[in-house]
Novice: 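Mind having a look at this structure? Questions to follow.
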Amino acid sequence: MEADFWHQRWSTKEIGFHQAEINRFLKGYWGRLELSSGSKVLVPLCGKSKDMIWLAQQGHRVLGVELSETAVQEFFAESGVTPTIDQQGAFKRYASGNIELLVGDFFALTATELAGVAAVYDRAALIALPTKMREAYVKLLSELLPSQTQTLLITFEYLPGAAEGPPFSIDAEEVKRLFGESCYIEPLESQYFDLRGVDATEHVFHLNYR
Ligand SMILES: C[S@@+](CC[C@H](N)C(=O)[O-])C[C@H]1O[C@@H](n2cnc3c(N)ncnc32)[C@H](O)[C@@H]1O
């Protein structure tokens with residue numbers, strides 16, 4: 001999807017993907033990664049997800065990346081904190097406590113921004129991207145993330161043609177196609193999910209970069 005599509009979504013508040021509550025799979029499975037509490041977690045395409053607050057509460061340093069400055073401003077405003085703002089390379093950086101959010105294009109990230117990342121939390125990031133961008137997203141992560149990085153990945157699938165993405169349908173086969181070469185893939189849970197009237201199955205995976 002082009003940047004304009006997402007800017008439009010944020011300006012018209014069409015953000016049905018945003019969750020008022022902490023994601024239950026995050027709470028249920030994060031412990032599987034066995035990270036030390038101070039480790040750094042990348043949240044790609046982060047929106048204004050409250051999951052970042054939960055991750056910070058676990059003692060993690062959180063690095064979010066988001067195209068929409070509106071989303072980032074709303075995140076801090078709704079958290080009731082005033083961030084510091086500066087420029088970091090191609091990104092405008094908003095930071096407070098152990099949360100820093102980079103405003104800009106995920107595909108402009110370099111190894112500099114991702115240095116020290118120990119884990120990735122992907123909820124509604126991969127599924128937001130059409131096939132070519134999805135492949136570029138996976139390639140960038142596998143090239144730039146430190147080795148041994150772990151990922152908690154949440155996707156969902158629906159029958160072909162049942163809905164028009166985003167969100168795009170990503171089943172276990174697609175996860176294997178995308179990550180099979182670079183990661184060990186452990187499926188954790190699959191569960192029925194009502195995607196605005198479309199029958200869908202939500203999948204949770206633990207990925208370990210080789
Ligand atoms: C489906 S939403 C998911 C947001 C968040 N992960 C959540 O769980 O609420 C996808 C987000 O990715 C952002 N986005 C899309 N393309 C991007 C890009 N190339 N770089 C950074 N952010 C992007 C959009 O603005 C949008 O907020």
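Values below: all heavy atoms of this structure, side chains included; hydrogens, waters and symmetry mates excluded. One-based numbering, in listed order, for ligands and for the atoms of each.
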Novice: Is any N or O atom of L67, backbone or side chain, closer than 3.5 Å to an N or O atom of ligand 1?
Specialist: yes
Novice: Does E181 pair with K139 as a salt bridge, N-O distance under 4.0 Å?
Specialist: no
Novice: Below 3.5 angstrom, do we get any N/O pair linking F107 and ligand 1?
Specialist: no
Novice: Counting only heavy atoms not in E164, do more than 12 fall under 6.0 Å of its CD?
Specialist: no
Novice: Any atoms of ligand 1 less than 4.0 Å from a non-hydrogen atom of D105? List them with their elements.
Specialist: 18 (C), 19 (N), 20 (N)
Novice: If you round to the nearest 0.5 Å, how far is CZ of F205 from OG1 of T155?
Specialist: 4.5 Å
Novice: Would you call K13 and E74 a salt bridge, taking side-chain N to carboxylate O under 4.0 Å as the test?
Specialist: yes
Novice: Using a strict cut-off of 4.0 Å, indicate which atoms of ligand 1 neighbour a heavy atom of W10.
Specialist: 25 (O), 26 (C), 27 (O)
Novice: Are more than 12 heavy atoms from other residues, nucleotides or ligands located less than 6.0 Å from atom CD of Q87?
Specialist: yes
Novice: Assess whether atom OH of Y184 is packed by more than 12 heavy atoms of other residues, nucleotides or ligands within 6.0 Å.
Specialist: no
Novice: Who's closest to atom 10 (C) of ligand 1 heavy-atom-wise, of G47, A124, A136?
Specialist: A124
Novice: If we count only N and O atoms by modelled type, under 3.5 Å, do the side chains of Q73 and T70 hold a donor and an acceptor together?
Specialist: no
Novice: Considering distance alone, does some N or O of Q19 sit under 3.5 Å from an N or O of ligand 1?
Specialist: no
Novice: Please classify the W6 to ligand 1 contact at 4.0 Å (heavy-atom distances, strictly less than): side chain, backbone, both or neither.
Specialist: side chain
Novice: Counting heavy atoms only, which of L45, T70, D51 comes nearest to atom 11 (C) of ligand 1?
Specialist: L45
Novice: For ligand 1, is any non-hydrogen atom under 4.0 Å from C46's backbone (N, CA, C, O), its side chain (CB onward), both, or neither?
Specialist: backbone
Novice: Do F17 and W10 have their ring centres less than 6.0 Å from each other?
Specialist: yes
Novice: Return yes when G104 approaches ligand 1 closer than 4.0 angstrom through a heavy atom, no otherwise.
Specialist: yes
Novice: For ligand 1 and S49, I'd like to know whether there is a polar contact (N/O to N/O, distance under 3.5 Å).
Specialist: no
